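First up is the structure itself, then whatever we jot down about it.
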Amino acid sequence: MTREKAVLWELFKSTFRISMFTFGGGYVIVPMMQKRFCDELGWIERDEMLDLVAIAQSAPGPIAMNASIMVGYRVAGLYGALVTALGTMFPPLIIMTIVTYIYNAIRDNAYVGYVMLGMEAGIAAIILNVVFDMAAGIIKQGNIVNIIVLLLSLLLAIFYQVNVVWLLLMAAVIGFIQTFIRIQRGEIE
Amino acid sequence: MIYLQLIWAFFRIGLLSFGGGYAVLPMIDQIIVDQYGWMTAQQFTDIITISQMTPGPIAINAATFVGNQLLGVPGGIVATIGVCLPSLIIVLALAYFYFKYQNLALVQGVVTAMRPAVVALIASAGFSIILTAFFGSGEPVIQLGHLNGVSVAIFLVSLFLLRRFKLDPTYIIIITGIIGLVVYSIL
């Protein structure tokens with residue numbers, strides 16, 4: 001197998017596995033992707049992963065799908081994106097196809113419910129764990145504006161259920177103004 | 001002909017579902033239940049339940065389910081491709097421009113400023129999952145009487161394993177699923 005093929009195969013396998021365990025909404029994939037692509041494979045920086053998720057978020061469609069496509073494109077261009085899109089699509093496609101034909105049995109099965117109850121608590125821990133690390137990273141950088149954006153977004157998202165798109169747009173505008181001022185002052189080129 | 005309708009219906013759902021997850025539900029309801037009548041209100045409720053029990057985005061789960069109901073396995077595949085197409089096209093375009101211009105200070109500044117907002121969004125999703133796990137409801141109204149002690153214990157042990165031993169999240173999901181099955185079956 002050539003090197004490119006090996007990379008594409010690895011992308012497919014990784015996204016397939018991650019998608020297979022994406023219970024509880026798209027954000028669960030962020031810690032999983034960081035673990036796989038940043039820590040284990042070393043293909044992407046942890047910070048950069050957040051940038052990719054930010055861009056994935058600003059497009060329509062499932063977060064898991066969009067983030068996978070961003071990662072695939074970042075690692076191996078167009079083919080990488082196609083491969084990660086397929087890798088993410090296959091598990092729900094296969095599992096739901098099976099479930100369609102047996103869903104009456106699954107819907108009311110108490111044991112399936114027990115498994116889900118247990119997993120829910122585990123997923124909550126996974127998400128909280130990654131939030132700790134990411135928030136610590138942002139606070140450590142010491143940029144007051146970023147810390148304010150973090151707290152403000154948190155407040156708006158939890159207590160006012162403000163739409164994701166508006167929050168990202170707000171952050172983008174703040175980033176634009178902040179960077180524009182710094183360029184004007186000659187702090188950055 | 002119905003294949004084209006199926007692709008078009010789910011293409012629109014994919015195209016208009018900003019924000020992921022539950023944001024897509026009203027769209028599916030409107031297009032699949034009201035407009036085409038491909039799914040009954042009862043089936044729609046079932047889709048939500050089943051989506052929570054199976055991995056994968058709700059939009060893809062719903063597409064596979066509806067496609068399968070209407071036209072069998074080929075229908076499921078076609079509908080799923082339809083719902084994924086907008087993502088592929090739009091995110092590819094965004095990726096192309098981002099990686100082309102990411103060295104511009106302004107682009108970098110904007111994306112960097114979006115990081116804290118993304119962290120907040122993940123935190124907010126985590127917050128509602130924690131509430132659901134602990135109190136059985138995602139509403140930010142806490143009823144201490146409904147506190148599920150088993151969930152709290154599983155949560156704390158999982159968090160400990162993740163932080164202390166950097167355990168792979170996949171294993172946490174598998175292990176907590178098994179613990180849930182065993183503990184709740186006995187209780």
Side-chain angles (χ1 to χ4, degrees), chain A residues 20-23 25-27 31-32 50-51 53-55 59-66 69-70 73 85 89 92-93 95-97 100 114-122 124-129 131 134-135 138 146 149-150 153-154 157-158 164-165 167-168 171-172 174-176 179 188, chain B residues 14-15 17-21 50 53-57 59-61 64-65 68 76 80 84 86-88 90-92 94-95 98 105-106 109-111 113-127 129-130 133 151 154-155 158-159 162 169-170 172-173 176-177 179-181 184:
Chain A
M20 208 161 78
F21 288 97
T22 311
F23 294 90
Y27 287 113
M32 293 195 180
L50 278 188
D51 296 346
V53 176
I55 294 165
I63 304 162
M65 195 64 183
N66 294 354
I69 295 171
M70 283 305 292
Y73 192 89
M89 201 178 87
L93 179 63
I95 293 167
M96 270 314 276
T97 301
T100 306
Y114 296 157
V115 172
M116 294 313 299
L117 264 177
M119 279 185 180
E120 218 162 43
I126 292 171
I127 296 200
L128 195 70
N129 179 49
V131 167
M134 291 189 301
I138 284 167
N146 283 349
V149 171
L150 176 69
S153 310
L154 206 54
I158 291 181
V164 172
V165 181
L167 288 181
L168 287 171
I174 291 173
F176 183 86
T179 316
I188 42 176
Chain B
L15 190 64
S17 65
F18 281 94
I50 293 169
M53 292 181 173
T54 53
I60 296 184
N61 288 340
T64 313
F65 184 85
N68 267 301
T80 304
C84 293
S87 281
L88 197 59
I90 293 167
V91 178
L92 270 179
L94 281 176
Y98 172 68
L106 209 53
V110 169
V111 176
M114 286 162 89
R115 276 182 204 162
V118 170
V119 174
L121 290 172
I122 299 175
S124 136
F127 183 67
I129 293 179
I130 289 174
S151 284
I154 294 177
F155 170 83
S158 302
L159 198 58
L162 282 164
T170 313
I172 294 283
I173 292 179
T176 52
I179 293 176
L181 180 64
Y184 289 111

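Keep in mind that what you see is a predicted model, and the values were worked out from it rather than measured.
Across A/Thr179 and B/Gly109, no two heavy atoms sit closer than the pair OG1-CA, 3.1 Å. The two atoms that bring B/Ser124 and A/Leu154 nearest to each other are N-CD1, 4.4 Å, heavy atoms only. Here the closest heavy-atom approach between residue A/Ile126 and residue B/Pro169 is recorded as CD1-O, 3.5 Å. A/Ala59 and B/Ile90 get closest at one heavy-atom pair: CB-CG2, 3.8 Å. The shortest non-hydrogen separation linking B/Ile122 to A/Ile127 is O-CG2, 3.6 Å. Nearest heavy-atom pair, A/Glu120 versus B/Ala133, reported as atom, atom and distance to 0.1 Å: OE1-CA, 3.7 Å.
Contact of A/Ile138 with chain B is made through the side chain alone, with heavy-atom distances under 4.5 Å. In this structure, chain A has a heavy atom under 4.5 Å from the side chain of B/Ile60, while its backbone stays farther away. Neither the backbone nor the side chain of B/Pro86 comes within contact range of chain A, judged by heavy atoms closer than 4.5 Å. At a 4.5 Å heavy-atom cutoff, the contact between B/Ile130 and chain A is made by backbone and side-chain atoms alike. Contacts between A/Met116 and chain B at a heavy-atom distance below 4.5 Å involve the side chain alone, from C-beta outward. For a residue to count as touching a neighbouring chain, one of its non-hydrogen atoms must lie under 4.5 Å from one of that chain's; by this rule A/Leu93 touches chain B with backbone and side chain alike. Interface remark: B/Ile172 contributes side-chain atoms only to the contact with chain A (heavy atom separation under 4.5 Å). For chain B, the nearby parts of A/Ala172 are the backbone and the side chain; heavy atoms of each come within less than 4.5 Å.
Between A/Asn146 and B/Arg115 there is no side-chain heavy-atom pair separated by less than 4.5 Å. Counting only heavy atoms from C-beta outward, the side chains of A/Tyr27 and B/Ile129 never approach each other to under 4.5 Å. In this structure the side chain of B/Pro55 reaches within 4.5 angstrom of the side chain of A/Ile95, judged on heavy atoms. At a threshold of 4.5 Å between non-hydrogen side-chain atoms, the residues B/Ser87 and A/Pro62 count as touching. Here the side chains of B/Asn68 and A/Met96 are not in contact, with every heavy-atom distance at 4.5 Å or above.
Chosen from B/Leu106, B/Thr80, B/Ile50, B/Leu15, the residue pairing most often with chain A at heavy-atom distances under 4.5 Å is B/Leu106. For the set A/Ile69, A/Val53, A/Val149, the count of heavy-atom pairs under 4.5 angstrom toward chain B peaks at A/Ile69. Heavy-atom pairs under 4.5 Å with chain B peak, among A/Ala157, A/Ala135, A/Ala85, A/Ala124, at A/Ala124.
The CE atom of A/Met70 lies 9.5 Å from the CG atom of B/Leu92; values are rounded to the nearest 0.5 Å. Note that CE of B/Met114 is 10.5 Å distant from CG of A/Leu167, once rounded to the nearest 0.5 Å. Taking OG of B/Ser158 as the start and CG of A/Leu128 as the end, the distance is 11.0 Å to the nearest 0.5 Å. For the atom pair OG1 of B/Thr176 and CG of A/Leu117, the computed distance is 11.0 Å after rounding to the nearest 0.5 Å.
Atom CZ of A/Phe176 sits in a sparse spot, with 12 or fewer heavy atoms from other residues, nucleotides or ligands closer than 6.0 Å.
Taking the ring pair (Phe, Tyr, Trp, His ring centres under 6.0 Å) definition, one finds that B/Phe65 meets it with A/Tyr103, sequence neighbours left out. Taking the side chain to side chain donor-acceptor pair (under 3.5 Å) definition, one finds that A/Asn129 meets it with B/Arg163, sequence neighbours left out.
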- Message: Is there a side chain to side chain contact (heavy atoms under 4.5 Å, CB included) between A/Met20 and B/Thr170? Walk through the geometry before answering.
- Response: CA-CA 9 Å; A/Met20 208 161 78; B/Thr170 313; over 6 Å; no
- Are A/Leu50 and B/Val111 close enough, and set up right, to give a side chain to side chain contact (heavy atoms under 4.5 Å, CB included), and what steps lead you there? CA-CA 9 Å; A/Leu50 278 188; B/Val111 176; over 6 Å; no
- Step-by-step side chain to side chain contact (heavy atoms under 4.5 Å, CB included) determination, B/Ile173 to A/Met32: CA-CA 11 Å; B/Ile173 292 179; A/Met32 293 195 180; 3.3 Å; yes
